[in-house]
There are 2 protein chains.
Amino acid sequence: MNVTLRQLRAFTGVYRTRSITRAARELGITQSAASLLIQQLESQLGVKLFDRSTRSVRPTLAADEAVHAAERMLGDALGLSRRMRDLAQARAGRVAFVASAGAASALLPLVLAKFRETHPAIEIDMRDVAADDLVPRLIATDAEFAIGSVEGEFADMTIETLTRGRLSAIGRRTADFAARRSLTWDELAQLPTIAMRRATRIRVQIDQALGAQGKHLSPTYEVTLINTALAMTAQGLGLAILPATMLPADQFPTLIAKPLVRPAITRPVSLLQRQGRTLSPAAQAFVATARAVLAERSG
Amino acid sequence: MNVTLRQLRAFTGVYRTRSITRAARELGITQSAASLLIQQLESQLGVKLFDRSTRSVRPTLAADEAVHAAERMLGDALGLSRRMRDLAQARAGRVAFVASAGAASALLPLVLAKFRETHPAIEIDMRDVAADDLVPRLIATDAEFAIGSVEGEFADMTIETLTRGRLSAIGRRTADFAARRSLTWDELAQLPTIAMRRATRIRVQIDQALGAQGKHLSPTYEVTLINTALAMTAQGLGLAILPATMLPADQFPTLIAKPLVRPAITRPVSLLQRQGRTLSPAAQAFVATARAVLAERSG
DNA sequence: ATCAATTCATAAGCTTCACCTATGAATGTC
DNA sequence: GACATTCATAGGTGAAGCTTATGAATTGAT
């Protein structure tokens, strides 16, 4: 057999209190159990740790040396338990995840703020990447999950839709525009529009969906960055064609989104996880917050 | 229950090998036992440590954190065991003891040299004190034992005679002096002599022993320090009256000692230990060496 | 695609060990 | 000298830990 932490606990207790009886009381065991633990440790280590008579217990020089190592080990054990408990309760730790640029700018700030309120001590490492990089980065790095829009399936990957962004027309809050419930794509064709460039994911999806209906989008302006489209819209240059989820309300308070219909086109905002990997408690808490916040927003 | 070192050993093994089966083999237990140890530790700490399928075992982030603390504790345990074993085998450690000035200068250098040969790594702390301080210092300090001449008994103190020093006349190695086997006190009275001052232990004993026989010592010189007496003798001022054990042969190569008889007076050189205190293994080894060396010298 | 092999989890049984109660021995105290 | 306190030990009991046996899942080969 080998040295046990139990023996060391008894040892440091006896060392401190100079009494087997008192140490036993502290440990919640009987005097005889403590006596045995000390004997075991002595025989284990091959040294006498205490000179004991029936009346007194005096540590030997060996005990003086050993007590430091013993206390360090017990301290480490306690620290480990505490640290793990904090991790388990998501009161400490780190969440590393990947987010597509769109989600990161428009959707996640809300989630981050909420999460910070409930879990102030958790370190957050959000890596915002281009949509195409979402899955590769999740696979190649230590990120625990990813949030963004993906299409299709991926091997060893769980995909869960958190919310859906309806393709919308985003424009200034004019009386006319605000009064509308929705716009059709045909109506939109008569108005100046700002769309994403053809190479982007969003645009590809739009073109496909419209093409299936024999329709066609001819935007007035084509841009690469979502923010550019929104800024132009705020200037009154036209209506931006984007998922409503990508409009950060606080950043562009003058803009509002109206769903585009005939056809209605939606883009999922998904949570991606690698199969067979448990999320850290901190990550689980974050995901729970994201689900709650985004579900509320959807409803 | 609490975390055990056994669990931590299993944990670090599995962490390193990424396999419960391999770790179990290393630990000399069955796979199922190792599996159980990991499960116990996980439930103990409240965190999942490995994502395991039937085919693979992957550490979680919590495991990455925990492994350092675990390895440190196991390292400490090993270090502790090793250190204690070294102490037990007197291959490491420290011996602190008190020696009377006489013993320290004349007798113990031999012992120290011998001990150094067999136990090179042991640190030695020899505290040479005046004869009267021998016991008080042994009681009041962390010294493990004392070597010197004492008379009578002391409470809680074991006294063991290691060798006896015969009171001798010490003089220069002249042809005349060297030829003698011994001198009587009466013969000595005719010669110039150097003795210790009346207040000293040695002198007290001499005066008592001679007084019992109706004799009386009238030294030519009286000094306080043994070394002074020997230096004067080396100068040819007279014969020093001292225990032969107090003549360091290497320090005064020109001097030799001849026993004084009628009466023969002996002074014990004793080993003093505090009752109920085990000597450290290093101290035991030192004492053994001292016994051996001094017995040889006596015989 | 099927079969063999590997790996982890679980169940059942047994051994061992750890603790408790009871008691003895020693020592300091009134 | 009687009493109280403290440590050690013995015997009994229950729990904990390990092993063997088996099942389930996955990989790799035929």
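Just the heavy atoms: all of them, side chains too, but no hydrogens, waters or symmetry mates, feed the values below.
- At least one side-chain nitrogen or oxygen of Gln39(B) sits closer than 4.0 Å to the OP1 or OP2 atom of dT10(C).
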Start with the C-alpha distance between Asp142(A) and Arg127(A), add both sets of side-chain angles, then the distance that settles salt bridge (Lys or Arg N to Asp or Glu O under 4.0 Å), and finish with yes or no. CA-CA 11 Å; Asp142(A) 63 336; Arg127(A) 296 149 188 190; 2.9 Å; yes
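- Taking 4.0 Å as the cut-off between side-chain N and carboxylate O, Asp125(A) and Arg94(A) count as a salt-bridged pair.
- Look at Thr21(B) and you'll find a side-chain N or O under 4.0 angstrom from OP1 or OP2 of dC8(C).
- Between Arg6(B) and dC18(D) there is a side-chain N or O to OP1 or OP2 distance below 4.0 Å.
- Of the candidate nucleotides dT19(D), dA8(D), dA9(C), dT19(D) has the atom lying nearest to any side-chain atom of Ala33(B).
- Applying the 4.0 Å criterion to OP1 and OP2 of dT19(D), one finds that Thr30(B) has a side-chain N or O inside that range.
- The side chain of Thr54(A) lies closest to dA25(C) when the candidates are dA8(D), dA25(C), dA9(C).
- Put simply, Ser19(A) has a side-chain N or O that comes within less than 4.0 Å of OP1 or OP2 on dC7(D).
- At a cut-off of 3.5 angstrom, counting only N and O atoms as typed in the model, there is a donor on one side and an acceptor on the other between the side-chain of Ser32(B) and the base of dT20(D).
- For Gln40(A) and dC17(C), the shortest distance from a side-chain N or O to OP1 or OP2 is not below 4.0 Å.
- Side-chain proximity of Arg55(A) to dC7(D), dA4(D), dA9(C): nearest is dA4(D).
- Under the 4.5 Å side-chain criterion, counting only non-hydrogen atoms from C-beta, Leu112(A) is not in contact with Thr289(A).
- Across the helix from dA1(C)-dT30(D) to dC30(C)-dG1(D), the helix axis at one end is tilted relative to the axis at the other end by 20° (nearest 10 degrees, each axis from five pairs).
- Residues passing the salt bridge (Lys or Arg N to Asp or Glu O under 4.0 Å) test with Arg291(A), sequence neighbours excluded: Glu160(A).
- Of the charged side-chain nitrogens involved, at least one lies within less than 4.0 Å of a carboxylate oxygen, so that Arg83(B) and Glu65(A) count as a salt-bridged pair.
- For Leu37(B), taking side-chain heavy atoms from C-beta onward, the closest of the listed nucleotides dC18(D), dC20(C), dT26(D) is dC18(D).
- For Ser35(A), a side-chain nitrogen or oxygen approaches OP1 or OP2 of dA8(D) to under 4.0 Å.
- Residues Ser53(A) and Ile29(A) each lie close to DNA chain C; by heavy-atom proximity, the contact nearer the 5' end of the strand is made by Ile29(A).
- Look at Glu296(A) and Lys114(A) and you find no salt bridge, because none of the NZ, NE, NH1 or NH2 atoms lies under 4.0 Å from a carboxylate O.
- Inspection of the Arg22(A) and Thr17(A) side chains reveals no N or O donor paired with an N or O acceptor under 3.5 Å.
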